[in-house]
Protein chains: 2
Amino acid sequence: MHKKPGISEAEWEVMKVLWGKSPQSSNAIVAILEGKRNWQPKTIRTLINRLVSKNAVGFEKDGRQYNYYPLLNEQECIQAETRSLIDRIRGKAIKPLLATFLEEESLSPEDIAELKEILENRT
Amino acid sequence: MHKKPGISEAEWEVMKVLWGKSPQSSNAIVAILEGKRNWQPKTIRTLINRLVSKNAVGFEKDGRQYNYYPLLNEQECIQAETRSLIDRIRGKAIKPLLATFLEEESLSPEDIAELKEILENRT
DNA sequence: CTTTAATTATTACACATGTAATCCATTTGT
DNA sequence: ACAAATGGATTACATGTGTAATAATTAAAG
């Protein structure tokens with residue numbers, strides 16, 4: 001039994017563009033991503049098509065062109081990835097992982113305060 | 001240009017077994033994993049072999065049998081996965097993700113104290 | 001020694017993913 | 001009206017991954 005396919009790493013880049021603004025034409029998506037990743041336009045179109053196949057992205061026709069928009073919620077996708085990582089290391093020390101996050105990422109003072117509060121309440 | 005292959009989700013299960021104790025025979029690994037995942041022994045052996053091909057696992061012969069041990073450090077692998085997730089959601093709110101972690105996972109009081117300290121020092 | 005059982009090695013096969021190119025239809029410039 | 005460009009649809013192809021089965025080898029049992 002094969003498991004439901006998720007959104008691949010490359011496809012995530014497209015989702016992020018659409019979560020940032022939607023709907024957008026493939027041209028617009030291509031323009032944005034060509035700068036960030038070293039991808040050919042054809043490659044980016046393939047990714048868009050795959051996301052449509054996966055029902056992660058929908059589109060409306062505007063004459064001959066399509067305008068794409070996300071069908072999945074950003075926060076839910078992030079949570080799904082997070083849970084996937086948690087599952088992967090389940091049974092192992094979660095702390096070093098968290099430490100990596102806390103050290104590497106830019107958090108606002110408010111974020112930090114809020115996270116501290118979560119930790120307090122867990123004790 | 002193809003990127004270096006990582007350790008797949010299924011392979012991680014094998015790594016976890018070996019990080020828990022090593023070296024171990026394939027039989028021992030199979031015995032442990034048959035309980036947790038619904039895998040055939042042949043499947044598990046395939047995973048072990050792939051890890052050997054990837055230089056993630058080494059082995060010493062003990063007569064006709066092999067005893068396997070990890071060649072990669074657990075903490076580093078966890079960090080790599082963590083960074084991969086961070087990259088994936090880069091530019092997006094990291095806080096909800098952290099909140100998920102902090103709420104879902106079981107952390108010891110010592111862990112919590114240590115994490116709080118990390119947060120303090122970041123302020 | 002020969003048959004059997006256990007282990008490792010090799011092969012299989014469908015679907016996913018990275019990374020595009022080609023084909024086809026339609027719009028647009030001349 | 002015709003040619004060129006553009007955008008979507010289809011096809012490509014190597015490698016990775018899940019999930020094993022089969023073949024080859026060798027140790028153990030009789």
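Being a predicted model, the structure only gives us computed values, none of them experimental. Chain letters run A, B, ... following the sequence lines, proteins first, then strands; residues in each count from 1.
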**Student:** If only side-chain N and O atoms of B:S26 are considered, is one of them under 4.0 Å from the OP1 or OP2 phosphate oxygen of C:dT7?
**Tutor:**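 False: B:S26 side-chain N/O out of range (4.0 Å or more) of C:dT7 OP1/OP2.
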**Student:** Describe, in one word, how the ring planes of A:W12 and A:W19 are oriented to each other, choosing from parallel (under 30°), tilted (30 to 60°) and perpendicular (over 60°).
**Tutor:**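 Rings of A:W12 and A:W19: perpendicular, over 60°.
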**Student:** Please tabulate the protein-to-nucleotide N/O contacts below 3.5 Å involving nucleotides 21-23 of chain D, giving atom names and distances.
**Tutor:**
unit_1 : atom_1 : unit_2 : atom_2 : d
D:dT22 : O4     : B:K42  : NZ     : 2.8

**Student:** Which pair of heavy atoms, one from A:S8 and one from A:K54, lies closest together, and at what distance?
**Tutor:**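 Answer, listing the atom of A:S8 first, then A:K54: N-NZ, 4.2 Å.
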**Student:** With a non-hydrogen cut-off below 4.0 angstrom, is A:D62 in contact with a base, only sugar-phosphate, or nothing?
**Tutor:**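 Here A:D62 touches no strand at all.
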**Student:** Salt-bridge test for B:E13 and B:K36: reply yes if a basic N is under 4.0 Å from a carboxylate O, no otherwise.
**Tutor:**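 Result for this pair is no, no salt bridge flagged.
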**Student:** A:F59 and side-chain contact (heavy atoms from CB on, under 4.5 Å): which single residue from A:V52, A:L71, A:I48 fits?
**Tutor:**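 When A:V52, A:L71, A:I48 are each tested with A:F59, the side-chain contact (heavy atoms from CB on, under 4.5 Å) holds only for A:V52.
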**Student:** Does C:dT8 have OP1 or OP2 under 4.0 Å away from a side-chain N or O of B:R45?
**Tutor:**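 B:R45 to C:dT8 OP1/OP2: side-chain N or O found under 4.0 Å.
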**Student:** Check this for me: does the side-chain of A:R50 come within 3.5 Å of the base of C:dG18 through a donor and an acceptor?
**Tutor:**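 Checked by distance alone, the answer is yes.
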**Student:** Closest heavy-atom contact between A:P70 and A:M15?
**Tutor:**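 Closest approach of A:P70 to A:M15: CB-CE, 4.1 Å.
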**Student:** Report the distance from atom CD of B:E11 to atom P of C:dA16, rounded to the nearest whole Å.
**Tutor:**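 Between P of C:dA16 and CD of B:E11: 18 Å.
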**Student:** Do the side-chain N or O atoms of A:Y66 get closer than 4.0 angstrom to the phosphate oxygens (OP1, OP2) of D:dA9?
**Tutor:**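 Yes, such a contact exists.
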**Student:** Do any side-chain nitrogens or oxygens of A:S8 fall under 4.0 Å of OP1 or OP2 in C:dG18?
**Tutor:**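 For C:dG18, OP1 or OP2 has a side-chain N or O of A:S8 closer than 4.0 Å.
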**Student:** Salt-bridge test for A:E81 and B:R88: reply yes if a basic N is under 4.0 Å from a carboxylate O, no otherwise.
**Tutor:**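 Answer for the salt bridge query: yes.
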**Student:** Looking at C:dG18, I'd like to know if its phosphate oxygens (OP1 or OP2) sit under 4.0 Å from a side-chain N or O belonging to A:W39.
**Tutor:**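 Answer no for this pair, as no side-chain N or O of A:W39 is under 4.0 Å from OP1 or OP2.
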**Student:** So, is B:K54 close to the D:dT17 phosphate, meaning a side-chain N or O under 4.0 Å from OP1 or OP2?
**Tutor:**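 Yes.
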**Student:** Atom CG of B:L33 and atom C1' of D:dA20: how far apart are they, to the nearest Å?
**Tutor:**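 Atom-to-atom, B:L33 to D:dA20, this comes out as 15 Å.
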**Student:** B:N49 has a side chain; which of D:dT10, C:dT10, C:dT17 sits nearest to it?
**Tutor:**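 It is C:dT10.
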**Student:** Using atom CD of A:E9 as one end and atom C1' of C:dT19 as the other, report the distance to the nearest whole Å.
**Tutor:**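 Interatomic distance, CD of A:E9 to C1' of C:dT19: 15 Å.
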**Student:** Expressed as a whole number of angstroms, how long is the span from A:L47:CG to D:dG8:C1'?
**Tutor:**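 A:L47 atom CG is separated from D:dG8 atom C1' by 15 Å.
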**Student:** With salt bridge (Lys or Arg N to Asp or Glu O under 4.0 Å) as the rule and sequence neighbours excluded, what pairs involving residues 38-51 of chain B come up?
**Tutor:**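 Salt bridge (Lys or Arg N to Asp or Glu O under 4.0 Å) check on residues 38-51 of chain B returns no pairs.
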**Student:** Run through B:L72, B:I29, B:L18 and flag the one making a side-chain contact (heavy atoms from CB on, under 4.5 Å) with B:V57.
**Tutor:**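 The passing option is B:L18.
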**Student:** Nearest whole angstrom, please: distance from the C1' of D:dA27 to the NZ of B:K61.
**Tutor:**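 In whole Å, D:dA27 C1' and B:K61 NZ are 14 Å from each other.
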**Student:** Within the modelled atom types, does a donor on one side and an acceptor on the other bring the side chain of A:R64 and the base of D:dT6 under 3.5 Å apart?
**Tutor:**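 Such a pair is found, so the answer is yes.
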**Student:** A:Q65 has an atom CD; how far is it from atom P of D:dA9, in whole Å?
**Tutor:**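 So the two atoms are 12 Å apart, to the nearest Å.
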**Student:** Expressed as a whole number of angstroms, how long is the span from A:I44:CD1 to C:dA20:P?
**Tutor:**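 It works out to 9 Å between those atoms.
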**Student:** For C:dT7 and B:N27 - does any side-chain N or O of the residue sit under 4.0 Å from the phosphate oxygens OP1/OP2?
**Tutor:**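 Answer yes for this pair, as a side-chain N or O of B:N27 is under 4.0 Å from OP1 or OP2.
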**Student:** Would you kindly give the CD1-to-C1' distance between B:I48 and D:dA20, to the nearest whole Å?
**Tutor:**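 Rounded to the whole Å, the gap is 14 Å.
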